[in-house]
Amino acid sequence: MVLVQSLDKIDFIYNKLYKEYGPQGWWPLINYKGINPTKTGSVNGYHPGKYGFPKNEKEIFEICLGAILTQNTSWPNVEKALINLNKEKLLGPKKILESEEKIVKECIRPAGYYNQKYKKIIIFCDFFISLRGRTPKRKELLNLWGIGDETADSILLYAYRKPVWVMDTYTKRVFERVGINIEQKKKMKYEKMNEIHALLVEHCKRICLKKKPKCEDCKIKEICLFYF
DNA sequence: AACCAGGACGTGA
DNA sequence: TCACGTCATGGT
């Protein structure tokens, strides 16, 4: 116990969850499906243990689009939309802008909110082209209609490999439970930031954020303020 | 068959 | 600031 408390909580969580779940291979890319046989319903595993993604502009764009499409939406639905777009050869900003509204909306329909998300995507395509390959600033992303804190940080972390925290429902949940002040989050190298966020998502899906949390199976319960 | 998913925005208090 | 309604499909 004393030893645990003396360790940094973030490191403790990272080590425990990594040992339990293994590398998660985020962000999902549709051309790297199913490499990792481990899964929890929504995820097939992608490129676990490899942090060299995205490898090109197309993959960067795909991640950005996925980040928008997955707003309040389960990943399988997003994946359907991305596969549809890919089939229509629309996984590129210019292609989408040149395409008919009807076509694009039909592709992204499985991801839900397709009217709103179409609008968000069009705005983002414009912005993405204007970047000409450079990394966007967080404020620039937030200025875009349809991109809030979480989507912006997801894009920065997974599309542009910036070591930032994505404070989504899952991360907030664990931080709250183990008593990590979200104002004093520790920054680490990109690879670790990438992995720990994915691990927190996996942990919440399996254990912490289920209707009835499975606290008995939780590997980090020793530092949980809600566990007795 | 309700419930909810890797949110963001607009509105009114 | 903050609480609430809206947006929509698909899996459990």
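Proteins come first, then strands; the chains are lettered A, B, ... in the order of their sequence lines, and each starts at number 1. We use all heavy atoms of the structure for the numbers below, so side chains are in, but hydrogens, waters and symmetry mates are not.
- Residue A/Gly66 is the one, among A/Leu144 and A/Gly66, whose nearest nucleotide of DNA chain B lies closer to the 5' end (criterion: closest heavy atom).
- Residues A/Thr151 and A/Ile155 meet the side-chain proximity criterion, which asks for heavy atoms closer than 4.5 Å.
- Take A/Arg134 and apply the salt bridge (charged side-chain N to carboxylate O under 4.0 Å, His left out) test, not counting sequence neighbours, and it matches A/Glu140.
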Once each nucleotide of nucleotides 5-10 of chain C is scored for protein heavy atoms under 4.0 Å, what B/S/- sequence comes out, 5' to 3'?
--BBBS

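- By the neighbour-count criterion of 12 heavy atoms within 6.0 Å, atom NZ of A/Lys162 is sparsely surrounded, having that number or fewer from other residues, nucleotides or ligands.
- Identified under the salt bridge (Lys or Arg N to Asp or Glu O under 4.0 Å) test for residues 55-71 of chain A, with sequence neighbours left out: none.
- Applying the side chain to side chain contact (heavy atoms under 4.5 Å, CB included) criterion to A/Glu176, with sequence neighbours excluded, gives A/Phe226.
- Remark: A/Lys186 NZ is packed, more than 12 non-hydrogen atoms of other residues, nucleotides or ligands lying under 6.0 Å away.
- When the P atom is used for both C/dC4 and B/dC4, the distance is 15 Å, rounded to whole Å.
- Protein atom CZ of A/Arg206 is 15 Å distant from nucleotide atom P of C/dT12, rounded to whole Å.
- Across all strands shown, A/Ile68 has no heavy atoms under 4.0 Å from either base or sugar-phosphate atoms.
- A heavy atom closer than 4.0 Å to some atom of DNA chain B occurs in no member of residues 53-62 of chain A.
- Pairing each heavy atom of A/Val78 with each of A/Thr70, the nearest pair is CG2-CA, 3.4 Å.
- Annotation: ring pair (Phe, Tyr, Trp, His ring centres under 6.0 Å) contacts involving residues 161-192 of chain A, sequence neighbours excluded, comprise A/Trp165-A/Phe175.
- When the C1' atom of B/dA5 is taken as reference, atom CG of A/Leu209 falls 10 Å away, rounded to whole Å.
- Remark: aromatic rings of A/Tyr32 and A/Phe53 are close, center separation under 6.0 Å.
- Across the protein-nucleic acid pair, A/Phe124 atom CZ and B/dA8 atom P stand 13 Å apart, rounded to whole Å.
- No engagement by A/Leu69 is indicated, since no non-hydrogen atom pair under 4.0 Å with the nucleic acid exists.
- Atoms CG (A/Leu142) and C1' (B/dC9) sit 13 Å apart, rounded to a whole Å.
- Applying a 4.0 Å cut-off to non-hydrogen atoms, none of the residues of residues 150-161 of chain A approaches DNA chain C.
- For residues 108-124 of chain A, no residue pair satisfies the salt bridge (Lys or Arg N to Asp or Glu O under 4.0 Å) rule, not counting sequence neighbours.
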Any protein N or O atoms within reach of nucleotides 1-4 of chain B? Criterion: under 3.5 Å, listing atom names and distances.
none

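- Residue A/Phe228 belongs to no hydrophobic cluster, having no ILVMFWY side-chain heavy atom closer than 4.5 Å to its own.
- Residues meeting the side chain to side chain donor-acceptor pair (under 3.5 Å) test with A/Lys214, sequence neighbours left out: none.
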N/O donor-acceptor pairs under 3.5 Å from side chains in residues 86-108 of chain A, not counting sequence neighbours:
residue  : atom : partner  : partner atom : Å
A/Glu101 : OE2  : A/Lys105 : NZ           : 2.8
A/Lys105 : NZ   : A/Asn115 : OD1          : 2.9

